[in-house]
Amino acid sequence: MLTKAEVFERHGIELTRFATSLVRPTDAQDVVSDALVGAMWSDGWGDVDNQRAYLYRAVVSQARMLQRSQGRRRRREQIVAPVVAASSFESGIDVWEALGHLSASERAAVFLTYWEDLSESDIALHLDVSDRTVRRWLVRGRTKLGRLLDE
Amino acid sequence: MSNQLDERIRQMMQQVVDESPPPPDMSGGMPLTPVVDRRVPKWAFAVTAAVVVLVVLGGTGWLFGGYGTDVVSEPVVFDFASDSLCEWFSPEEIQSIVASTYTEWGVPLDPTDQMQQIHDENSDCYWAYPVVSLSVDESRVPSGPFESHPALDESVQVSHLSDGSYGLAFGVDVILTVEGHPEPLWFGHATAVDDLGVDIPTVNTLGLTIANKMLQQMGWIDDN
């Protein structure tokens, strides 16, 4: 059984890269630390079989919460001070702006597919969802990115 | 699959990894989790209140346990597998729900103001009511059972309005757990009040009252 420090040593970098794909570099460390604290200090941590997958899910969960919070704020600001939506890309592709059009789940599916080279089944196991759900996220993510990259 | 698109996405992911920060410093032991400051600043500015964001959240409950959840009984009409909250309510229906609730509370409404549907990048729906000047007749506000409602999730923020004034926006998110449903569904609407005497519990009660009416039209019952 690995200690918490050993688990962090083993997975910290990949989890931070994963978090970066979900929430941008500026928020990635906070998301990872919150996820690790919530996961590894929970009562059930000792009973977890696949700790790596468990931590990936925890990071996705934290990323979703952050995205929700930021989304709420943006929507309310838009209501009280409407702004004209700028075009997605002026020149070149801004990666973060492109990824901002994807949900956390879609970003997760895209990152795990294209960077970690995981299959849909492996991603489904990682995130504790069905293969069909992963496929849906991936299709949506690719479609949105494809549309943005074609503009 | 387009190989060119796949390659471009891979390049994007490479950039993500290149710009990824180092892992957080966990050497100091268990770090403190961020605390959300929900105090309401008492400023003499126009006040806007965002009311009722109805969120349906499903799947593994523990992932969202800290966010505030509510267990709802079996659906009668709305089918989360196939129905879309973005399409379930027409603008007129939402208008009717909001207007009837505000009327019950003694809040005067401009009949020309209409709800607008806003879609964001996460495929969520968000209904927005134009910012209007309202005042709440608190003598008609029913005592709310919702102040300690587990689905209540308040947020407070200040928004800088385009005309140079400041708006105080605070809102209510209602979150429902649907067992076995993996995807969260967003639905919400917002409105505005400029009565500085309106307090957060009042706005929260208003928001949840509207949310319950929406649930009734969906054929759902709040078990909580």
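We use all heavy atoms of the structure for the numbers below, so side chains are in, but hydrogens, waters and symmetry mates are not. Naming: A, B, ... by sequence-line order, numbering from 1 per chain.
Counting all heavy atoms, side chain and backbone alike, Pro23(B) lies closest to Thr16(A) at CA-OG1, 3.3 Å.
Under the 4.5 Å side-chain criterion, counting only non-hydrogen atoms from C-beta, Thr20(A) is in contact with Pro21(B). Contact of the Phe111(A) side chain with the Val16(B) side chain is registered, since non-hydrogen atoms from C-beta on lie closer than 4.5 Å.
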Using side-chain contact (heavy atoms from CB on, under 4.5 Å), reason through Ile9(B) and Thr113(A) one step at a time and then give a plain yes or no. CA-CA 10 Å; Ile9(B) 295 176; Thr113(A) 300; over 6 Å; no
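One finds the CD atom of Glu116(A) at 11.5 Å from the CE atom of Met13(B) (value rounded to the nearest 0.5 Å). In this structure, the separation between CE on Met12(B) and CG on Leu148(A) is 8.0 Å, given to the nearest 0.5 Å. Here Arg8(B) contributes atom CZ and Arg142(A) contributes atom CZ; the two are 12.0 Å apart, rounded to the nearest 0.5 Å. To the nearest 0.5 Å, atom CD of residue Gln14(B) and atom OH of residue Tyr114(A) are 15.5 Å apart.
Around CD of Glu19(B), the count of heavy atoms belonging to other residues, nucleotides or ligands within 6.0 Å exceeds 12. The number of heavy atoms from other shown groups lying within 6.0 Å of CZ (Arg52(A)) is above 12. Atom CD1 of Ile13(A) is surrounded by 12 or fewer heavy atoms from other residues, nucleotides or ligands within 6.0 Å.
If you measure heavy-atom distances from Phe8(A) to chain B, the contacts under 4.5 Å come from the side chain alone.
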